[in-house]
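Below: one structure, written as structure tokens.
Whatever order the structure lists ligands and atoms in, that order sets their numbers, starting from 1.
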Amino acid sequence: MRSAIITDIHGNLEALNAVLDDIEEAGVDRIVCLGDIVGYGADPQACVEVISGLVDKGAICIRGNHDDAVAAGVSGMSESAAKAMSWTQGQLDSTARTFLARLPIAEMDGDVLFVHASANDPQSWNYMLDPSDAFASWAATDARLTFCGHTHVPALFHTLSGALYTGKTLTFRPQPDVEVPLAPIRRYLAVIGSVGQPRDGNPSACWGLYDSDKSTLAWMRVPYDIDAAADKIKAAGLPDRLWMRLKAGK
Ligand code: ZN
């Protein structure tokens with residue numbers, strides 16, 4: 001089965017549409033969204049409508065911390081994130097709010113876990129930045145392969161599984177559009193980069209292509225109309241940092 005994994009859309013409709021076009025061209029069996037549909041960007045309502053339409057057609061969607069903050073409030077958020085969230089709350093209709101509030105926090109599918117931040121205490125919204133973070137997540141799940149987002153920086157953490165486990169965790173930095181083979185004797189934590197606000201220095205939108213038959217994963221990158229998305233953020237009066245970082249990709 002070929003799965004398209006998308007995450008951290010953050011109200012960026014231009015990036016979302018470009019990624020969905022790329023996914024359609026690639027041809028997949030299903031789409032999985034790891035959350036943060038809203039927050040930061042200028043089209044939260046439209047992005048929720050697109051994703052809820054995909055869910056109606058069978059897509060899986062997980063709740064992110066920004067989706068959660070629509071109902072739960074902005075405590076723990078940075079100043080620009082909190083400002084954007086206050087604005088976002090005013091943009092969403094009741095159908096969109098209900099959709100976000102009802103999203104699951106995690107979903108298991110065989111030996112694969114889908115979650116926004118991490119398997120360990122998922123609503124603490126931990127950032128998977130280094131091997132010790134990945135280790136804490138693995139300790140909280142039986143899943144061989146965990147998919148998450150949240151950091152907006154593509155990464156693949158891996159370790160030997162079961163009796164082969166040595167305590168050593170390796171970090172792999174994926175190159176754009178390059179298929180990475182996943183070995184059956186290893187456990188993985190795959191951080192998929194952001195659709196709508198990349199932070200790895202590459203401003204192109206990111207999505208993950210997971211082929212469970214071939215056991216491969218690729219971090220695909222898609223150029224999109226960054227100027228259009230940035231202009232909408234400016235026009236909405238949101239903090240300058242939010243459109244500037246789209247252009248820098250960090
Ligand atoms: Zn995010």
- Applying side-chain hydrogen bond (donor to acceptor under 3.5 Å, both in side chains), run through Asn12 and Gln197 and close with a yes or a no. CA-CA 8 Å; Asn12 186 336; Gln197 196 198 73; over 6 Å; no
Verify, without hydrogens or angle tests, whether [X] (side chain) and [Y] (backbone) share a donor-acceptor contact under 3.5 angstrom.
{"X": "His152", "Y": "Ser194", "result": "no"}
{"X": "Ser52", "Y": "Glu49", "result": "yes"}
{"X": "Asn126", "Y": "Asp133", "result": "no"}
{"X": "Asp36", "Y": "Asn65", "result": "yes"}

- Message: Please determine whether side-chain contact (heavy atoms from CB on, under 4.5 Å) holds for the pair Leu113 and Phe147, giving the CA-CA distance in whole Å, both sets of side-chain angles, and the decisive distance to 0.1 Å.
- Response: CA-CA 6 Å; Leu113 175 70; Phe147 283 105; over 6 Å; no
- What are the protein N/O/S atoms, named by residue and atom, that sit under 2.8 Å from the Zn ion (ligand 1)? Asp8 OD1, His10 NE2, Asp36 OD2, His152 NE2
